[in-house]
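Protein chains get the first letters and strands the later ones, always in sequence-line order, with residue 1 at the start of each. Keep in mind that what you see is a predicted model, and the values were worked out from it rather than measured.
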Amino acid sequence: MQVIDEPFFTLIKSTEFRARRGRIVTAHGCIETPTFMPVATFGTIRLLDFEDVRRLGAQIVLGNTLHLESTVGSARIKQFGGLAKFTGWNGPTLTDSGGYQVSYMWKSGTHSADGGNRTHNSTSPIQKINDKGVMVKNTWTGQTMRITPQIAMEWQADIGADMVMAFDQPTFDTDSLDDARISLARSHDWTIASYQHWLKLQNEGRAPACQVFFPIIQGGRFRELRRESAEKMCSLDTAGIAIAGESIGINPDISAETLSWVADIIPPDKPLYGMGLGGGPEGFLKAVREGLDMFDNTSPTRLGRCGLAFISPSSGGNTANKFRVSLKKGINRDSDSPVDSLCDCFVCKHYSRGYIKHLFNIGEGTGARLLTYHNLYFMESLGALVRHAIETDSFGDLYESWIEDRG
RNA sequence: GGAGGGAUACCCAAGAGGCUAAAGGGGGCAGACUGUAAAUCUGUUAGCGACGCUUUCGAAGGUUCGAAUCCUUCUCCCUCCA
């Protein structure tokens, strides 16, 4: 692993609102921010290969520690020289710890708050959660796996991504203030345990020298908890900061509000990563406006597989339709128009809506592949537009042209 | 010419006197999709002046309190034998 002289994050330009232009330097390459990061949960972007991923403009991809450990295994990835080499991507990578999966798989069963412990139904693969960690049934092998903050960081050290995340516990938006406090306290304990153990791993040379750690701000829908969490997470001497939870992942306005609650606490020299930031193009623009530098979301890939494509305002995209069009709808049967009239991805250059509708009708996976490619290209292009706009002091104009003023 | 089998909603296909406006698929339409238990899931799919009414299981009659279901005739399709 090469040694890097440059700082991990450089703030290139601050601008109107809180939008800012930055650059992240990793051992596997630079990342211009703000940027969208495609999700390669199992070490692959579903239906694409990494040649596609490079071509569509991705700068970094995500892997998920729980999914990788449950399948190929972190030890084997280490033998291959780390995630970037193993997958052939060879570019910057980030791994999520699995904390999110634990929480939402737990939540998907019948659950109730119970002193920070939750009772659950038997269909959930999460067998037990307590302050020390989690017992999870491996969905692929059926084996029971133990996850603690320490174990999660060891797996991430071996997987060897450029950026690793704390093993946290997301606060549910539906939690009462008392439950949210309990959950947040555990999340903080786990994050600090994650960080301390990761520092140890790095000192021992088990974690790559150029790997960096991100703690995660939680706190759900409570301003005071969000601020408390931000203070605590930012007090750690880490290269970056992440913010997460349902209120980051779902509604763009709530995401933006949540970001605004903590904006003054985030140090300007740390990149801010919105985990699973939802809302597609709208979410992206609104979060950038509140100072977000990097974010990921599964929607471009998942929606693409389900027949939904992102479209720009030039093709009728707006906040009401979430900048989406469904290529499965009958109205597209006779359409020889591209998915998006201004997009210059190979899908929009060569294929019509009618043809893609036909591919979905016959159940041919190529349709899903084409939309996966388009959607990721779209998000990466939007990132490039945003960066250019910030550089040329026109972010406000770009924002207005996409997000209409609704009173 | 003779002997069987069949016809059910947009399509395929269950049902063999009341619990059937009619299972299940497909297709259509609508909706959802967070750090991917997801190329997935959910709802809906005769009509209307909708907690009710009207029409509907190839067609026309009949039996019955009640028929997609039983009987008669007719139409069309398939298989086998001449």
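Phosphate proximity of B:U36 to A:Thr298: absent, as no side-chain N or O sits under 4.0 Å from OP1 or OP2. A sub-4.0 Å separation between OP1 or OP2 of B:G28 and a side-chain N or O of A:Asn361 is present. For B:U34, neither phosphate oxygen OP1 nor OP2 lies less than 4.0 angstrom from any side-chain nitrogen or oxygen of A:Asn297. Taking side-chain N and O atoms only, A:Lys322 has a distance below 4.0 Å to OP1 or OP2 of B:C33.
Between A:Phe295 and A:Tyr273, the ring center distance fails the sub-6.0 Å criterion. Aromatic rings from A:Trp140 and A:Phe42 are positioned such that their centres are separated by under 6.0 Å.
Residue A:Ile248 is classed as having no contact, given no heavy-atom separation below 4.0 Å to the nucleic acid. Using a 4.0 Å heavy-atom cutoff across all strands shown, A:Gly278 reaches no nucleic acid atom at all. At the heavy-atom level, A:Leu277 lies nowhere under 4.0 Å from the strands shown.
Each of A:Gly249 and A:Lys329 has a nearest nucleotide on RNA chain B; the 5'-most of these lies closest to A:Lys329. The 5' end of RNA chain B is approached more closely, in terms of each residue's nearest nucleotide, by A:Ala40 than by the other of A:Glu364 and A:Ala40.
For A:Arg305 against B:U36, a side-chain N or O and a base N or O form a donor-acceptor pair under 3.5 Å. Side-chain atoms of A:Arg46 stay outside donor-acceptor range of the base of B:A39, with no qualifying N/O pair under 3.5 Å.
Taking the P atom of each, B:C53 and B:C19 are spaced 15 Å apart, rounded to whole Å. Look at the P atom in both B:U69 and B:G58: the space between them is 8 Å, to the nearest Å. Separating the C1' atom of B:C80 from that of B:G26 is a span of 33 Å, rounded to the nearest Å. Comparing the same atom, C1', in B:U56 and in B:C48 gives a spacing of 14 Å after rounding to whole Å. Comparing the C1' positions of B:A32 and B:U55 gives an interatomic distance of 36 Å, to the nearest angstrom. To the nearest whole angstrom, the two P atoms, one in B:A23 and one in B:C57, are 16 Å apart. Comparing B:G15 with B:A68, their C1' atoms sit 8 Å apart, to the nearest whole Å. B:C12 sits 15 Å from B:C78 when the P atoms are compared, rounded to a whole Å.
Between A:Phe346 and A:His350, the ring planes are tilted. Angles from 30° to 60° get that label.
One can place CD1 of A:Ile362 at 15 Å from C1' of B:G27, the figure rounded to the nearest angstrom. Between the P atom of B:U34 and the CZ atom of A:Phe36 lies a distance of 12 Å, rounded to the nearest Å. Rounded to whole Å, atom P of B:U36 lies 16 Å from atom CD of A:Glu69. Rounding to whole angstrom units, CG of residue A:Leu94 and P of B:U36 are separated by 10 Å. For the pair A:Lys328 NZ and B:G27 C1', the computed distance is 13 Å after rounding to whole Å. Summarising the geometry, the separation between CG on A:Leu62 and P on B:U36 is reported as 7 Å, rounded to the nearest angstrom. Atom pair A:Ile356:CD1 and B:A39:C1' shows a separation of 14 Å (rounding to whole Å applied). Atom CD in A:Gln169 sits roughly 20 Å away from atom P in B:U34 (whole-Å rounding).
Closest approach to the A:Cys306 side chain among B:A32, B:U36, B:G28 is made by B:A32 (side chain taken as heavy atoms from C-beta onward). In this structure, of B:C33, B:U36, B:A39, it is B:C33 that holds the atom nearest to the side chain of A:Leu308. Taking only side-chain atoms of A:Arg333, from C-beta outward, the nucleotide of B:G28, B:A39, B:U36 with the closest atom is B:G28. With distances taken from any side-chain atom of A:Arg302 to the nucleotides B:G28, B:U34, B:A38, the minimum falls on B:A38. For A:Lys357, whose side chain is taken as the heavy atoms from C-beta onward, the closest listed nucleotide among B:C33, B:G28, B:U40 is B:G28.
Judged purely by distance below 3.5 Å, without hydrogens or angles, the side chains of A:Thr319 and A:Glu282 never pair a donor atom with an acceptor atom. A donor-acceptor pair shorter than 3.5 Å cannot be found between the side chains of A:Ser103 and A:Gln169.
For B:A22, the glycosidic angle deviates from 0 by more than 90°, giving an anti base. Syn is the conformation of B:C51, whose glycosidic angle sits no further than 90° from 0.
Screening A:Thr171, A:Asn130, A:Asp131 for a side chain to side chain donor-acceptor pair (under 3.5 Å) with A:Arg186, the sole residue that qualifies is A:Asp131. A:Cys348 pairs in a side-chain contact (heavy atoms from CB on, under 4.5 Å) with only one of the listed residues (A:Pro338, A:Ser341, A:Ser337), which is A:Pro338.
Within a 6.0 Å sphere centred on CG of A:Asp264, heavy atoms belonging to other residues, nucleotides or ligands number more than 12.
Under the 4.0 Å criterion applied to side-chain N and carboxylate O atoms, A:Glu51 and A:Arg54 are assigned as salt-bridge partners.
A:Leu285 and A:Tyr399 make their closest contact through O-CE1, 3.8 Å (heavy atoms, listed as atom of the first residue, atom of the second, distance).
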Dot-bracket pairing map - RNA chain B, Watson-Crick plus G-U, both contacts under 3.5 Å, | cross-strand: ((((((((.[[[..)..(.....]]]((((((.......))))))(((...)))...[[[[[..)....]]]]]))))))).
